[in-house]
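All values reported here derive from a predicted model rather than from experimental measurement. Every chain is numbered from 1, with letters handed out A, B, ... down the list of sequences.
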Amino acid sequence: MRMSQLLLPTEREAPADAQALSHVLGVRAGLVRQLGAGLWTWLPAGWRVHQKVEAIIREEMDAIGAQELLMPLIQPRELWQKTGRDQIDELFSLSDRKGAELVLAMTHEEAVTVHVSQLVRSYRDLPLILYQLQLKGRDEPRPRAGVLRTREFIMKDSYSFDRDEAGLDASYAKHIEAYDRIFDRSGLEWYRVESDVGVMGGSGAHEYMAPCPAGENEVALAPGYAANVEVASAAPSAAEVGPAGAPVSEVATPGAKTIEQVSAVLELDPSGLLKAFPVVTEDGRTLIAVVRGDHRVNEVKLRSVVGCGFRPATDEEILEQIGPPGFIGPVGVELPVLLDEAVAAQEGGWVTGANKTDLHLLAVEPGRDFQFEAVDIRSVEAGDLVNGEPIRLETAIEVGNIFKLGTRYSEPLGASFLDQDGAELPIVMGSYGIGPARIAAAVIEQNADEYGIAWPKAIAPWAIELVVLGKADSAELEAAEKLYDELQVLGAEVLFDDRDAGPGEKFKDAELLGCPLRITLGKRSLESGMLEVGGRHGMVELEPIALGAGAAAAILEALAQLP
RNA sequence: CGGGGAGUGGCGCAGUCUGGUAGCGCACCCGGCUGGGGGCCGGGCGGUCGCAGGUUCAAAUCCUGUCUCCCCGACCA
């Protein structure tokens, strides 16, 4: 590709509103442009990257026997009513000229399941894996970070259909194989982590997480362990708690309503305090969740424990049913107490609110002083132990997920088959997503420096950028044209900077765009007979290559050495 | 949805408080010089100041409404 003919709008300055690195560099390097909130255009160079990611995905999906198809983005709302997903706030709705109600699909479970329900009748038709690379529409409450969270995006979504749970496990395992290879080949640093299955149920789920500062998730990592903090469990550090066996006593804590204030007034470590978090569930129950003072309630875990959604109790509800807000505790309260295991597992006397203004209790012992159910409802902290190893927390962006759906969609949509005995059974499904745009953005985040992007070969817009320094009609340009032709004959992907521009401008743009290998041909090259060769990643200088017959082949050899 | 911020030429910004002929840098176009790190000189093009109403002799500036975008949080099946 000749740069003189390429639509590549590079910018010297970052867009004023950009925060995330991938957002800044994606715009500055001329890969993407914004059309509206969460609506992005892929410009030619960026689209090449996206297509390279897609190609990797296709190869690996095909390799596990998946079959590609394409389903509509616009779908009848009725379909979504059958699965109850028409109530999702993020679902874009529209109607046609006849007033028929339509939606923009946010995923394609409904559509694919309807088709399979019509097309699959026998156990002989299963298993089946279908996939597509198709747009998704989501009316996100807050699009952000450039291409990382958008309202319209391309997703690779696949769906597996099996006769039973064992078949689902096998399809799931195949996806793990494919996904591991896809993310490896894309040049990403990634983790496969255990993830939340959500209120819709499902028997297992993992997310593929790429660590990067712009990420929206936190993952807990230890040797042999990786989980989204939403579901991570680990052994806590020991609390500094008072001795067991002492009688409960009241202590004055005037005005001390927060853990910090109470621990300051009593000169105790926050870990020896109990934090009470009253919630009201969607089905109308009031519960008190209790964790250590230095721990945080994990709302995802708590949701799965209570079995439905919930909200924090209001101050009025707390005052009416428990005690004065700021001084509440589980002692002497009629409500069910969900006590975090970190507390239940350690003997001792804890400090809690007394349910009286300006008073706390000392030496409170779970079981002796209040009844409880021990549950895991806290978020893990860095340094907690898994298999004796301390965990660390990293922010990451979700680039893919795999999910055992079971019969969540096949039952309401009537997707069933006849088994060998002639019995009608629901098809057991899984669904699996990958966001190519997020892969591209995460690779940028993970492979950039102060000068720009440093693409790995696998998804670079071009493998080689050939920079010529010289005026029109110069001998340099003539030599570069010849080299460009030779590289193309060998099948190399070359971006040829043949613009009538100064060297500074060309080098800066090359570093911004970040093709893995840069070849420079200028007057010096003609004098010395040698081409300058540089690897973008880490800006390494490579051995010069002699101009002449073998130059193009030598350049491809140099490229082969690069990541 | 809660909090904060911003809409002025393609990009980045000043001007708004204190109303008086819309400006700067970059980019772009023309000519010339330069040609190994965004170079220099000269000459140009381009904006009804987000939109709608209002106040005023006069509105980018004041008032009212509205739309859009960004950031933090909530949400994210």
- So which nucleotide does B:rG25 pair with, by the Watson-Crick or G-U wobble rule with both distances under 3.5 Å? B:rC11
- Carboxylate-amine/guanidinium proximity below 4.0 Å for A:R85 and A:E109: yes
- Note on the structure: When A:I402, A:L188, A:I439, A:N401 are each screened for side chain to side chain contact (heavy atoms under 4.5 Å, CB included) with A:Y208, the one that passes is A:I402
Distances under 3.5 Å between nitrogen or oxygen atoms of protein and nucleotides 67-69 of chain B:
unit_1	atom_1	unit_2	atom_2	d
B:rC69	OP1	A:A37	N	3.0
B:rC69	O3'	A:Q34	NE2	3.4

- Task: Could I get the full list of side chain to side chain donor-acceptor pair (under 3.5 Å) partners for A:R285, not counting sequence neighbours?
- Result: A:D283
Pull out every protein N or O sitting under 3.5 Å from an N or O of nucleotides 72-74 of chain B, one pair per line with the distance.
unit_1	atom_1	unit_2	atom_2	d
B:rC72	OP2	A:R142	NH1	3.2
B:rC72	OP2	A:R142	NH2	2.5

Show the distances under 3.5 angstrom between N or O atoms of the protein and N or O atoms of nucleotides 49-51 of chain B.
none

- Cationic N near anionic O, under 4.0 Å, A:K471 to A:D500: no
- Task: Rounded off to whole Å, could you give me the CD-to-P distance for the A:Q87 and B:rA77 pair?
- Result: 16 Å
- Message: Once you apply a heavy-atom cut-off of 4.0 Å, does A:A145 come out as touching a base, just sugar-phosphate, or nothing?
- Response: sugar-phosphate
- For B:rU56, the nucleotide meeting Watson-Crick or G-U wobble distances (both under 3.5 Å) is none
- side chain to side chain contact (heavy atoms under 4.5 Å, CB included) test vs A:V291 passes for just one of A:L302, A:N298, A:D340, namely A:D340
- Item | Under 3.5 Å on both distances, the Watson-Crick or G-U partner of B:rG42 | B:rC30
- Query: Which pairs pass salt bridge (charged side-chain N to carboxylate O under 4.0 Å, His left out) with one or both residues in residues 21-50 of chain A, sequence neighbours excluded?
  - Reply: A:E11-A:R33, A:R48-A:E493
- Considering Watson-Crick and G-U wobble pairs with both distances under 3.5 Å, what does B:rG73 pair with? B:rC1
- Message: Students often mix this up, so state it plainly: with edges at 30° and 60°, are the rings of A:H50 and A:W47 parallel, tilted or perpendicular?
- Response: parallel
- Message: Tell me whether the rings of A:Y432 and A:Y172 are parallel (<30°), tilted (30 to 60°) or perpendicular (>60°).
- Response: tilted
- Quick check: does any side chain N or O of A:Y451 sit under 3.5 Å from a backbone N or O of A:R536, one acting as donor and the other as acceptor? no
- Query: Under a 3.5 Å cut-off for both distances, is B:rA6 Watson-Crick or wobble paired, and to whom?
  - Reply: B:rU68
- Task: If B:rU48 has a Watson-Crick or G-U wobble mate with both distances under 3.5 Å, name it; if not, just say none.
- Result: none
- Protein proximity profile, nucleotides 28-46 of chain B - base contact B, sugar-phosphate-only contact S, no contact -, cut-off 4.0 Å on heavy atoms: -------BBBB--------
